[in-house]
2 protein chains.
Amino acid sequence: MKRPTIADIARRAGVSKGAVSYALNGQPGVSEATRKRILSIAQEIGFNANSAARALSGARARAVGLTLSRPARLLGIEPWFMGLISGFEAELGERSYALTLQVVTSPEAEVEVYRRWWGERRIDGVIVTDTREDDIRIPVLEEIQLPAVVIGGPGDTGSIPQIWSDDAGAMTEAVRYLVALGHHRIARVSGVPGLLHSQNRTKAFEEVCASLGLDDAVTIPADYTGEEGSRATRRLLIGGDRPTAIIYDNDVMAVAGLAVAQEMGLSVPGDLSIVAWDDSPLCSLVHPPLTALSRDIAAYGAQAARELLNAIDGNKVGNAEAGRVHLTPRGSTAPPR
Amino acid sequence: MKRPTIADIARRAGVSKGAVSYALNGQPGVSEATRKRILSIAQEIGFNANSAARALSGARARAVGLTLSRPARLLGIEPWFMGLISGFEAELGERSYALTLQVVTSPEAEVEVYRRWWGERRIDGVIVTDTREDDIRIPVLEEIQLPAVVIGGPGDTGSIPQIWSDDAGAMTEAVRYLVALGHHRIARVSGVPGLLHSQNRTKAFEEVCASLGLDDAVTIPADYTGEEGSRATRRLLIGGDRPTAIIYDNDVMAVAGLAVAQEMGLSVPGDLSIVAWDDSPLCSLVHPPLTALSRDIAAYGAQAARELLNAIDGNKVGNAEAGRVHLTPRGSTAPPR
DNA sequence: TCCCACAACTTACCCGGTTCAGTGATATGG
DNA sequence: CCATATCACTGAACCGGGTAAGTTGTGGGA
């Protein structure tokens with residue numbers, strides 16, 4: 001089936017291609033009457049501008065890219081990315097931008113994807129997640145001048161704007177809450193240590209624990225998977241001086257930790273309190289439901305998409321703070337027995 | 001920064017644009033020596049074909065589309081889609097096709113997305129999930145002749161090929177297993193009733209239960225969310241003649257069901273056995289780990305992507321069966337007390 | 001009455017690949 | 001030795017929108 005083009009509209013309206021283009025794009029150069037006529041014809045025959053033609057003539061590709069860099073088995077279960085994606089879509093859909101996805105296995109592969117996307121002019125910008133210290137992606141993005149927005153921080157992302165969240169403040173809130181309940185031995189199971197936000201959280205955790213006089217505050221590094229979460233939890237719980245509360249860096253590890261406690265015959269929250277970072281339906285799904293540090297991930301994604309579209313439009317975009325993280329107390333935290 | 005084009009290569013190689021195009025695409029019409037020279041120049045200057053130009057000149061857009069049609073809060077937690085996406089990527093990446101994603105809220109919106117994508121020539125084909133009886137998307141896809149592959153079935157998808165899985169066989173296996181353990185009162189919590197595979201499973205469940213003489217086999221419809229899973233489970237467990245085993249149509253509802261049982265003081269698997277359909281890390285994460293009907297979702301996705309690329313290449317593609325579903329027994333099933 | 005400004009268009013070329021119809025040079029066959 | 005086939009390439013049209021530059025036609029001001 002033949003797709004309608006602006007030439008078809010032009011013929012039916014009795015004007016030139018150029019006039020149709022002006023009319024459809026809201027440019028001056030056609031009268032209101034003609035514009036209306038053209039728009040109604042376009043509507044009637046179901047016209048959609050060919051994205052390739054549009055992209056080719058110097059305009060935008062009207063697509064943004066996102067790479068998913070976690071191992072496949074984790075991607076599925078962690079609600080984080082899907083939450084982000086929903087958020088992006090809300091913004092992108094409104095301006096009919098498409099979202100192009102690519103699963104990558106390493107930062108090097110990710111850089112290659114960026115270079116290829118740029119070379120192919122397939123996308124107008126990218127959203128970068130999981131930043132590391134001295135991230136190799138930053139200089140490449142700066143070199144090829146691909147509009148980008150970093151999700152995460154605060155941290156050094158060169159000239160690329162970041163949408164950061166106040167992880168330090170949230171960590172402080174969580175630890176203070178546990179201490180107020182009466183906990184003294186608080187441990188933490190972190191995500192991949194190389195990631196900037198793991199480092200931010202670790203630093204904040206150590207600082208607040210020190211300021212509150214909790215000396216044996218330990219962070220065990222893990223990798224966000226359930227298996228590592230279980231292992232780290234076992235390590236913490238078999239010790240003689242086991243913690244009475246554990247803060248996990250994601251929901252999946254927290255749920256795994258809960259299962260380990262139950263399997264060891266420990267009662268949650270009686271013997272062990274659990275706090276999950278990044279709330280998700282998963283947290284309220286288990287028994288007892290998990291106290292969590294919540295934030296609106298979709299809104300976070302939407303904000304990032306907005307800033308990216310802004311950058312693509314050539315506007316100057318600065319760093320911005322995402323919505324606040326707040327503590328949602330549920331059944332997994334209580335005073336220690 | 002200026003991106004290299006074939007004209008740049010042509011100039012440096014001292015040949016015409018046409019020759020470069022032939023050389024890069026492995027077409028006949030250039031000598032081996034010239035081809036090698038052109039390829040090495042392309043390599044050297046980091047040439048990537050402009051996808052828009054390529055798509056415009058009648059060729060492929062080199063992208064396929066996928067719509068996500070579940071509510072956002074469920075998308076995140078259900079590993080199913082992410083598993084599929086990983087599988088697609090494995091195939092698509094190899095042939096450097098991009099994957100374009102769109103979150104939709106209704107079948108009508110989804111149809112609109114297909115029409116727009118098609119009009120924009122943004123994609124070469126789509127992967128369709130969550131088919132319903134008399135699915136409104138099928139006739140539209142047939143009308144606009146957009147290459148497509150349906151994930152799910154068996155069922156009527158007109159001329160669109162489907163990758164189906166033997167849900168009936170798997171259901172039979174699960175019920176037989178529970179009966180062999182000694183269960184007589186088996187219930188089921190299903191996904192959205194309108195979906196084809198819910199119907200297939202319900203039919204299979206009723207048939208196998210009838211053939212085994214289990215009269216009170218009941219299916220409670222839900223919608224894949226944890227809340228509905230909890231509600232359905234409560235309804236089943238407060239009755240006088242409560243089931244000793246429940247089969248859930250996804251992992252999320254099964255985990256929710258487990259939490260409800262624990263909250264009601266029932267022991268799993270002592271008082272209640274639980275089987276989850278579609279295994280995921282989530283199932284082995286909780287305590288006790290859930291017996292599940294497993295299949296390789298990523299492989300399923302990869303197969304679908306392969307067939308779609310085949311269809312895009314203009315080959316005739318027929319229905320195909322995906323890898324088998326098998327029962328993975330874990331700690332949530334045992335003989336009833 | 002003439003000139004100019006301006007709105008409302010049209011014309012024509014651009015973007016960067018793909019592809020088809022030629023064109024010369026060389027090889028093959030009778 | 002000439003006709004013909006084949007190879008290796010060139011040139012130009014084309015895909016479908018975007019847009020700068022050019023062309024009408026109209027009205028207003030001097």
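Every chain is numbered from 1, with letters handed out A, B, ... down the list of sequences.
- Residue Thr5(B) places none of its side-chain N or O atoms closer than 4.0 Å to OP1 or OP2 of dC15(C).
- At dT18(C), one or more side-chain N or O atoms of Arg54(B) fall inside 4.0 Å of OP1 or OP2 (strictly under the cut-off).
- One can place CZ of Arg35(A) at 10 Å from P of dA8(C), the figure rounded to the nearest angstrom.
- Comment: Glu143(A) engages Arg115(A) in a salt bridge, judged by a side-chain N to carboxylate O separation of less than 4.0 angstrom.
- Take the nearest nucleotide of DNA chain D for Val30(B) and for Gly18(A): the residue whose nucleotide is more 5' is Val30(B).
- Residue Trp118(A) holds its CH2 atom at 14.0 Å from CG of Asp124(A), rounded to the nearest 0.5 Å.
- Side-chain N/O atoms of Gln162(A) and Thr157(A) include a donor and acceptor closer than 3.5 Å.
- Rounding to whole angstrom units, CZ of residue Arg60(A) and P of dC15(C) are separated by 17 Å.
- Phosphate contact (OP1/OP2 of dG17(C), side-chain N/O of Ser57(B), threshold under 4.0 Å): absent.
- The aromatic rings of Tyr300(B) and Trp80(B) sit perpendicular to each other, their planes meeting at more than 60°, with 30° as the lower class boundary.
- A close approach under 4.0 Å does not occur between any side-chain nitrogen or oxygen of Asn25(A) and OP1 or OP2 of dG17(D).
- Within the structure, a side-chain polar atom (N or O) of Gln27(A) is placed less than 4.0 Å from OP1 or OP2 of dT19(D).
- Phosphate contact (OP1/OP2 of dC9(C), side-chain N/O of Thr34(A), threshold under 4.0 Å): present.
- At the phosphate of dC15(C), neither OP1 nor OP2 sits under 4.0 Å from any side-chain N or O atom of Asn50(B).
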